[in-house]
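What follows is a set of notes on a single structure, which appears directly below.
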Amino acid sequence: AGGGGIGMQRCYSAQELSESFDKVKRLAEHNFKSGGVFIEKFIEHARHIEVQIFGDGKGKILAIGERDCSTQRRNQKVIEECPAPNLTEETRAALKKTAIALGSLVKYRGAGTVEYVFDTDENRFYFLEVNTRLQVEHGVTELVYGVDIVRMMLELGAGELEPIEDIEKRISAHGHAVEARLYAEDPAKNFRPSAGVVSTVEFPEQDRKTVRIDTWIESGSVVSSLFDPMLAKLITFAPSRDEAINRLSDVLKDSTVYGIETNQQYLISLLNSDLLREGRILTRSLNDYTYSSNTIDILSAGTQTTIQDYPGRTGYWSIGVPPSGPFDNLSFRLANRILNNSEDCSALEITVTGPTMVFNCDNEIVLTGATIGATLDGSSVPMYKAVKVNKGQTLKVGRVKEDGARAYLAVQG
């Protein structure tokens, strides 16, 4: 009678089943005032496969291919694709046939999705549920099959939809489509929701045939923590699966969303992982997926600490902007040289006190210029020497000591 997985127990033997039964019964009675218990098969290595259907309400059902939605975290879909990789043609046909039989039986009307759990160990699928609506990931099906499902829904409602048999004759699958969901969450903080004002939004140009971006945000949009965290759906289409994944990775790299944290880099990492590239992702795979965010959390900014680069702004005297850049450009450039950075890499210039920062990835740092006190997890950091920093370590840069006006902090890369 309950939900949310309360009281759910996984049993691998008759003894475990016997021991767990009474425990589950007590939990059910306590939480939901009902002690009814049911038993179902546990699919240990599962994929989430679904079939897009469309019915005319009279028993005619169109099955528009299948999608793989196994790439999910906490049961929330992250990446979807059409068609599903690594399925036999017999399995695809069986998925489609079962969906049509189910839809016909209830004389289903409109767009819907028949969802299955696919057991990779036994190569068998089981019915999960029917989503009686248009789903977020319908776009990948539209690109592969050349259909407009929203238009079909409107035509059906207006009594203008052509016969299902005629639609089926003129549509077929071509190429591959992949969709990524851009969420307002911070992967470096266990996917903590991120809210605030989106200061800058820039997405690559789209031609709707190979790149499609469905979004509601623009520069200045306010993202609340009270609603679903999805900011955009980025969908790409190409003749092959590899090309579609490559294109989606490039689109994500060329997209800009500033002001709040997103899962943008996490998605890029996933798309370029062997797990996804080889089509081996299961519904629980992301539970164990290791992702390192190439970011630094600034706990304290420091007094008069600024970001500088060399040679800085020059050539703008004519409009009233004086030349700028690092005060001591020799020490600044030396910091980058010690780390093998390019000469034009940015670094921090510290005038009074430096920042406190937590590194979310392994890296190297160096301090140059005026002598300044700094510690890494409490241990002193030497000047003019590359120092390795491990993920999770905290760097505290203190006050400039004795002679000198500026100190510099550079990060490798």
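Counting begins at 1 with the first residue of the sequence.
Salt-bridge annotation for R92 and E89: present, with a side-chain N of the basic residue lying under 4.0 Å from a carboxylate O of the acidic one. With respect to the salt-bridge test (charged N to carboxylate O, under 4.0 angstrom), the residues E160 and R151 do not qualify.
The side chain to side chain donor-acceptor pair (under 3.5 Å) check on R73 picks up E185, with sequence neighbours excluded. In this structure, K396 has no salt bridge (Lys or Arg N to Asp or Glu O under 4.0 Å) partners at least two apart in sequence or on a different chain. Partners of T295 according to the side chain to side chain donor-acceptor pair (under 3.5 Å) rule, which considers only residues two or more places apart in sequence or in another chain, are S293, N360. By the side chain to side chain donor-acceptor pair (under 3.5 Å) test, T210 is found to be paired with D207, residues two or more places apart in sequence or in another chain being considered.
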Per-pair distances, 0.1 Å, donor-acceptor, side chain in residues 104-114, under 3.5 Å, sequence neighbours excluded:
{"residue": "S104", "atom": "OG", "partner": "G59", "partner atom": "O", "Å": "3.1"}
{"residue": "S104", "atom": "OG", "partner": "I100", "partner atom": "O", "Å": "2.8"}
{"residue": "Y108", "atom": "OH", "partner": "A111", "partner atom": "O", "Å": "2.8"}
{"residue": "R109", "atom": "NH2", "partner": "L156", "partner atom": "O", "Å": "3.4"}
{"residue": "T113", "atom": "OG1", "partner": "R67", "partner atom": "NH2", "Å": "3.3"}
{"residue": "T113", "atom": "OG1", "partner": "Q135", "partner atom": "OE1", "Å": "2.7"}

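Residue pairs satisfying the side-chain hydrogen bond (donor to acceptor under 3.5 Å, both in side chains) criterion with at least one member in residues 375-387, sequence neighbours excluded, are listed as follows: D377-Q393. The ring pair (Phe, Tyr, Trp, His ring centres under 6.0 Å) contacts involving residues 35-91 comprise nothing, where partners must be two or more places apart or lie in separate chains. Applying the ring pair (Phe, Tyr, Trp, His ring centres under 6.0 Å) test to every pair with at least one member in residues 185-229, sequence neighbours left out, gives these pairs: F191-Y266. The stretch residues 258-284 participates, sequence neighbours left out, in these salt bridge (charged side-chain N to carboxylate O under 4.0 Å, His left out) pairs: E278-R280. Here salt bridge (charged side-chain N to carboxylate O under 4.0 Å, His left out) pairs that include residues 139-148, with residues two or more places apart or in two chains, are E142-R212. Among residue pairs with one or both ends in residues 138-184, none qualify as ring pair (Phe, Tyr, Trp, His ring centres under 6.0 Å); sequence neighbours excluded. Residue pairs satisfying the salt bridge (charged side-chain N to carboxylate O under 4.0 Å, His left out) criterion with at least one member in residues 119-131, sequence neighbours excluded, are listed as follows: K41-D119, K41-E122, E122-R124.
Atom CD of E218 has 12 or fewer heavy atoms from other residues, nucleotides or ligands within 6.0 Å. Atom CG of D228 is surrounded by more than 12 heavy atoms from other residues, nucleotides or ligands within 6.0 Å. Atom CZ of R241 has more than 12 heavy atoms from other residues, nucleotides or ligands within 6.0 Å. Within a 6.0 Å radius of NZ in K58, other residues, nucleotides and ligands contribute 12 heavy atoms or fewer.
Side-chain atoms of S249 never come within 3.5 Å of backbone atoms of N246 as a donor-acceptor pair (strictly under, hydrogens ignored).
Across all their heavy atoms, D214 and I235 have their closest contact at OD2-CD1, 4.5 Å.
With rounding to the nearest 0.5 Å, the separation of CD in Q304 from CD1 in I350 is 12.0 Å. With rounding to the nearest 0.5 angstrom, the CZ atom of F125 is 11.0 Å from the CD atom of E66. For the atom pair OH of Y126 and OG1 of T98, the computed distance is 13.0 Å after rounding to the nearest 0.5 Å.
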